[in-house]
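Okay, so here's the structure we're looking at.
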Amino acid sequence: MTFAELLQWGEGELMHSDVPDAKLCAWYLLEACFDGGMDRSRFFLRREEECGPAVKEKYEAWIEKRRQRVPLEYITGYTEFMGLPFDVDERVLIPRQDTETLVEIAYPLCGGKRVLDLCTGSGCIGLSIGVWGKPSQLVLSDISEGALAVAERNLTRFQEGGAYAYRTATELVPGDLFENIHGVFDWIVSNPPYIESRAIPGLMPEVARYEPVTALDGGSDGLELYRRIIRQAPRYLADRGTLCLEIGYQQGRAVSALMCENGYEDIEIRKDLAGNDRVVLGVMDQGKG
């Protein structure tokens, strides 16, 4: 079987199984089968070559996983976020482009600052701020030891990758939100679970079947974690420190109201590139009250 025939077979299998973006998925999986990857130009030069048995076997196994709606990123073990490479597996939520909105708000203001990333998962928010914003201190916290293991793997990549010039003092802390957190921070950022419990079974199969429910389930109204974070964060924010939260597109008013009730100032709702409410942030003036 040639590379062209293998790709055509993979496209057909995924299309027959009604997998979204079947042709694109088939290509990405073939590309990832090769050490160092195979870009389009290399593929067209080799499309009529016979593929080896190892590549064929690996590709067939990956196509079968995708047919079962295993997310592409979990199959390849890799994704990109903020232009950076991140390892991912079933222990962490797959980083979404929408979440880049939060990072783009925070990192230009975090130089030399102290940053806490709650519910860090893969570490994509905090580590992206660490790379691009160059804070003086970064703490990544998650209730899941498995998630922290993935975040640590990503941290090691940036620390060892000279291209990123990663110099931020970074600590990984296990715990339920602020449990085991010490000190104060200029920025607290988080993408907490915010999906209503009853809505999770109705999500697309890639999410409902495979992504960790603890990273999705925000309680009966989706706001459980926001209440806890917003209420507890003032004890860990420096004077005029900022709490910056990703939200579901319908949660802007509710989360803003929670911040207002708990004494935050300068509360803003920011939209993502699709025009949906995506981030709420507020400032804590410790000199008041």
Side-chain angles (χ1 to χ4, degrees), residues 78-89 91-96 99-192 215 225 228-230 232-246 264 279 281-286:
Y78 163 89
T79 194
E80 286 195 3
F81 180 85
M82 288 296 296
L84 300 169
F86 283 90
D87 287 353
V88 292
D89 62 28
R91 294 174 291 180
V92 298
L93 197 70
I94 298 167
R96 268 70 165 177
T99 302
E100 293 186 355
T101 304
L102 188 159
V103 178
E104 289 166 351
I105 291 168
Y107 89 78
L109 304 172
C110 284
K113 304 294 186 179
R114 299 158 294 180
V115 178
L116 168 62
D117 177 14
L118 292 176
C119 310
T120 192
S122 65
C124 66
I125 292 175
L127 292 175
S128 295
I129 292 172
V131 171
W132 301 125
K134 295 180 169 49
S136 62
Q137 178 190 4
L138 174 64
V139 175
L140 309 177
S141 179
D142 203 289
I143 195 171
S144 166
E145 293 276 4
L148 283 180
V150 176
E152 184 173 23
R153 201 160 69 227
N154 287 315
L155 170 62
T156 300
R157 168 189 279 133
F158 295 135
Q159 290 175 327
E160 295 177 350
Y164 306 112
Y166 193 92
R167 299 290 182 270
T168 301
T170 304
E171 181 183 6
L172 290 89
V173 177
D176 182 8
L177 296 184
F178 294 96
E179 181 185 16
N180 302 320
I181 298 298
H182 304 285
V184 296
F185 300 87
D186 303 292
W187 280 77
I188 297 176
V189 297
S190 183
N191 177 19
L225 272 292
R228 294 177 59 199
I229 292 171
I230 289 168
Q232 297 174 36
R235 296 198 294 271
Y236 301 90
L237 280 168
D239 187 33
R240 303 300 299 173
T242 301
L243 176 62
C244 189
L245 302 170
E246 179 171 341
Y264 293 81
V279 173
L281 62 159
V283 173
M284 179 54 60
D285 187 339
Q286 300 289 13

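Please read these numbers as outputs of a predicted model, since none were measured by experiment. Position 1 is the first residue of the sequence; numbering continues from there.
When the ring-ring contact (aromatic ring centres under 6.0 Å, His included) test is applied to Phe86, the partners found at least two apart in sequence or on another chain are Phe158. Arg240 meets the salt bridge (Lys or Arg N to Asp or Glu O under 4.0 Å) test with Glu265, Asp266, Asp285; sequence neighbours excluded. For Glu171, the side chain to side chain contact (heavy atoms under 4.5 Å, CB included) partners are Val139, Val173, not counting sequence neighbours. Every residue two or more places apart in sequence or in another chain that forms a salt bridge (Lys or Arg N to Asp or Glu O under 4.0 Å) with Asp176 is listed here: Arg228. Here Arg235 pairs with Gln232 under the side chain to side chain contact (heavy atoms under 4.5 Å, CB included) rule; sequence neighbours left out. Legend: residues meeting side chain to side chain donor-acceptor pair (under 3.5 Å) with Ser190, ordered by chain and number and at least two apart, are absent. Shown here are the ring-ring contact (aromatic ring centres under 6.0 Å, His included) partners of Phe178, two or more places apart in sequence or in another chain: Tyr236. For the side chain to side chain donor-acceptor pair (under 3.5 Å) test, no residue two or more places apart in sequence or in another chain qualifies with Ser144.
Under the 4.5 Å side-chain criterion, counting only non-hydrogen atoms from C-beta, Phe81 is not in contact with Asn154. When side chains are defined from C-beta on, Leu118 does not count as touching Leu225, because their heavy atoms never get closer than 4.5 Å. Residues Tyr166 and Arg157 form no side-chain contact, since every pair of their non-hydrogen atoms from C-beta on lies 4.5 Å or further apart. Residues Val279 and Cys244 are in side-chain contact: their nearest non-hydrogen atoms beyond the backbone lie under 4.5 Å apart. At least one side-chain heavy atom of Leu93 sits less than 4.5 Å from a side-chain heavy atom of Asn191.
The salt bridge (Lys or Arg N to Asp or Glu O under 4.0 Å) pairs that include a residue from residues 124-153 are Asp87-Arg153, Asp89-Arg153, where partners are two or more places apart or lie in different chains. Applying the side-chain hydrogen bond (donor to acceptor under 3.5 Å, both in side chains) test to pairs two or more places apart or on separate chains, those with a residue in residues 106-120 are Arg114-Asp186, Asp117-Thr120.
Rounding to the nearest 0.5 angstrom, the gap separating the OG1 atom in Thr99 from the CD atom in Glu246 is 3.5 Å. Separation of atoms CG (Leu172) and CG (Leu155) is listed at 6.0 Å; rounding is to 0.5 Å. Atoms CG and CG, from Leu102 and Leu245 in turn, are 7.5 Å apart once rounded to the nearest 0.5 Å.
Across every non-hydrogen atom of Ser136 and Gly112, the tightest pair is OG-O, 3.2 Å. Minimum interatomic distance between Leu148 and Ser141 (heavy atoms only, all atoms of both residues): CD2-C, 4.3 Å. When every heavy atom of Tyr264 is checked against every heavy atom of Leu243, the shortest pair comes out as OH-CD2, 3.6 Å. Pairing each heavy atom of Val88 with each of Ser122, the nearest pair is CG1-CB, 4.4 Å. Looking at every heavy atom in both residues, Gln137 comes nearest to Phe185 through NE2-CE2, 4.1 Å. The shortest heavy-atom contact between Gly175 and Asn180 is CA-ND2, 4.0 Å.
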Would you give me the side-chain donor-acceptor pairs under 3.5 Å for residues 123-130, sequence neighbours excluded?
from: Ser128; atom 1: OG; to: Cys124; atom 2: O; distance (Å): 2.6

Under the side chain to side chain contact (heavy atoms under 4.5 Å, CB included) rule, what do Leu177 and Cys119 come out as? Steps first, then yes or no, please. CA-CA 7 Å; Leu177 296 184; Cys119 310; 3.8 Å; yes

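When atom types are taken as modelled, the side chain of Trp187 and the backbone of Pro135 share no donor-acceptor pair closer than 3.5 angstrom. Under a 3.5 Å cut-off, the side chain of Gln286 and the backbone N or O of Leu237 do form a donor-acceptor pair.
When each of Val189, Val115, Val103 is checked for a side chain to side chain contact (heavy atoms under 4.5 Å, CB included) with Cys110, only Val115 meets the rule.
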